[in-house]
Amino acid sequence: MAEDREILREVWEGRIPVSFSLSPEEIVNEQPDPFFYYLLVPRLSYFPLVTDKVQKYFQKFLDAEIQGEFWLEFEGQPLKWHYPVGVLFDLYGCEENLPWKLTVHFQNFPKDELLHCPNKDAVEAHFMSMVKEADALKHRSQVINGMQKKDHKQLWLGLLNDKFDQFWSVNRKLMESGEEKFKYIPYKIYLSDGSFSQQLFKPIDENGTVHLLSDLMQQALPDFNGDETKLKPQVFIQGIEVPWETPILWLCEHLSYPDNFLHICVHQ
């Protein structure tokens, strides 16, 4: 269990200023005034959980007969709603260009690139599926299966309502590594070219050697060969450029997203 509660709270309170604007091709009534809708969005959340007011504001400028499914785009890149907001920003955004300018769409849903999201129940189902997958890797599903349905619901409501204490009173059980530590580290690596990597990786080997982020990167990325003469790619977790010498277990305990995965964004 991660004991440094202040780090957990700082991570939880991470926010991204976002500027939403309606796609000009979809405006049929008067121009929105104001043209932009601004929100301070939690990094740990998902866009479908925080954009109700955005959708409501822009819908009145649309043709009601041709409204379709809501989706977001950044500079031509449709944004996957099932990725946490912070992951999307670390992949495509830039701290030097804030607020993050996103385009709102209600037409021409890119079904070949995005999953449909009919309601928040779909987000909850995805989130709990990820939590269960993570615990299967860490504890062989023993912790999540030992919880009651009310505990699962409390995890979800803590995230949905942005309640740190409500969420962590349950999540701490999923983050307790104990004497055996975690069997495997739940992680996903995203590259800036759109590719993706996920493999089994132990935080500590059979000889008791503590694995570092550099060990994970060397295993997960085929192009990384440990050549110190080459410039290492930048690695971002929770918006932080993480030193390669950081123990992977510490990262998992402190910088995992609410779904209990380490979402690692790599810029080469």
Side-chain angles (χ1 to χ4, degrees), residues 1-18 38-53 82-91 93-95 98-100 120 123-124 126-128 130-135 137-139 143-144 147 150-178 181-182 185-188 190 203 210 212-213 216 234-243 245-265:
M1 165 70 186
E3 295 296 338
D4 198 331
R5 191 174 181 83
E6 287 307 307
I7 293 178
L8 300 178
R9 187 175 288 278
E10 285 288 332
V11 169
W12 183 273
E13 293 178 353
R15 299 289 187 269
I16 299 170
V18 182
Y38 295 93
L39 284 179
L40 202 55
V41 180
R43 278 185 141 272
L44 300 182
S45 191
Y46 300 87
F47 274 121
L49 304 185
V50 297
T51 51
D52 286 349
K53 292 181 179 179
H82 60 288
Y83 285 10
V85 172
V87 174
L88 293 169
F89 181 77
D90 290 347
L91 275 175
C94 178
E95 293 286 349
L98 292 175
W100 193 22
K120 291 180 181 178
V123 186
E124 180 181 4
H126 167 74
F127 170 72
M128 288 309 305
M130 292 286 288
V131 171
K132 291 174 182 178
E133 181 183 347
D135 196 58
L137 291 167
K138 288 188 293 188
H139 302 117
V143 176
I144 195 72
M147 290 181 175
K150 66 177 184 179
D151 296 320
H152 296 180
K153 200 66 177 180
Q154 184 169 329
L155 272 177
W156 166 247
L157 291 176
L159 174 64
L160 179 65
N161 299 320
D162 193 22
K163 301 294 185 183
F164 174 85
D165 292 326
Q166 182 180 23
F167 177 84
W168 270 100
S169 64
V170 176
N171 195 60
R172 61 179 179 80
K173 303 172 186 175
L174 295 166
M175 282 296 173
E176 288 174 346
S177 55
K181 305 298 180 185
F182 298 148
I185 294 294
Y187 78 90
K188 295 177 184 291
Y190 310 84
V210 175
L212 309 178
L213 175 61
L216 184 149
Q234 292 177 294
V235 178
F236 291 90
I237 307 175
Q238 298 285 6
I240 303 165
E241 186 172 358
V242 181
E245 308 78 39
T246 310
I248 200 68
L249 180 61
W250 188 95
L251 290 174
C252 185
E253 291 177 326
H254 293 82
L255 297 186
S256 290
Y257 277 76
D259 62 9
N260 278 241
F261 271 81
L262 267 180
H263 293 277
I264 304 169
C265 298

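Residues take their numbers from the sequence shown, with the count starting at 1.
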What residues form a side-chain contact (heavy atoms from CB on, under 4.5 Å) with [X], not counting sequence neighbours?
{"X": "T246", "answer": "V242, P243, W250, L251"}
{"X": "R15", "answer": "L40, P42, D162"}
{"X": "K53", "answer": "Y37"}
{"X": "Y38", "answer": "S19, F36, P99"}

Which atom pair, heavy atoms only, marks the closest approach of [X] to [Y]?
{"X": "L174", "Y": "L155", "result": "CD1-CD1, 3.8 Å"}
{"X": "I237", "Y": "D90", "result": "C-OD2, 4.4 Å"}
{"X": "H254", "Y": "V11", "result": "O-CG2, 3.9 Å"}
{"X": "W12", "Y": "L159", "result": "CH2-CA, 4.2 Å"}
{"X": "S256", "Y": "M175", "result": "CB-CE, 3.6 Å"}
{"X": "A134", "Y": "P186", "result": "O-CG, 3.6 Å"}

Rounded distance (nearest 0.5 Å) linking atom [atom1] of [X] with atom [atom2] of [Y]:
{"X": "L213", "Y": "C252", "atom1": "CG", "atom2": "SG", "answer": "12.5 Å"}
{"X": "L212", "Y": "E245", "atom1": "CG", "atom2": "CD", "answer": "7.5 Å"}
{"X": "F236", "Y": "L91", "atom1": "CZ", "atom2": "CG", "answer": "11.0 Å"}
{"X": "R5", "Y": "R172", "atom1": "CZ", "atom2": "CZ", "answer": "9.5 Å"}
{"X": "C265", "Y": "K188", "atom1": "SG", "atom2": "NZ", "answer": "12.5 Å"}
{"X": "L249", "Y": "I185", "atom1": "CG", "atom2": "CD1", "answer": "5.5 Å"}

Using a 4.5 Å cut-off on heavy atoms from C-beta on, say whether the side chain of [Y] contacts that of [X].
{"X": "F164", "Y": "E13", "result": "no"}
{"X": "I144", "Y": "V131", "result": "yes"}
{"X": "L88", "Y": "W100", "result": "yes"}
{"X": "F182", "Y": "I248", "result": "no"}
{"X": "V18", "Y": "V85", "result": "no"}
{"X": "K153", "Y": "E124", "result": "yes"}
{"X": "I264", "Y": "Y190", "result": "no"}

Report the residues that fulfil salt bridge (Lys or Arg N to Asp or Glu O under 4.0 Å) with K132, sequence neighbours left out, ordered by chain and then residue number. none
Does D259 have any salt bridge (Lys or Arg N to Asp or Glu O under 4.0 Å) partners at least two apart in sequence or in another chain, and if so, which? none
Checking Y257 now: which residues fulfil ring-ring contact (aromatic ring centres under 6.0 Å, His included) with it, not counting sequence neighbours? H263
Residue set satisfying ring-ring contact (aromatic ring centres under 6.0 Å, His included) with H152, at least two apart, ordered chain then number -> none
Can you list everything that forms a side chain to side chain donor-acceptor pair (under 3.5 Å) with [X]? Sequence neighbours excluded, please.
{"X": "E241", "result": "Q234"}
{"X": "D52", "result": "K120"}
{"X": "N260", "result": "K138, N171"}
{"X": "Q166", "result": "none"}

Determine the interplanar angle of the W156 and F127 rings, folded into 0 to 90°, and report it as parallel if under 30°, tilted if 30 to 60°, perpendicular if over 60°. tilted
Evaluate the ring planes of H126 and Y46, with Trp represented by its six-membered ring, and classify them as parallel (under 30°), tilted (30 to 60°) or perpendicular (over 60°). perpendicular
Are D4 and R9 ion-paired here, with the side-chain N under 4.0 Å from a carboxylate O? no
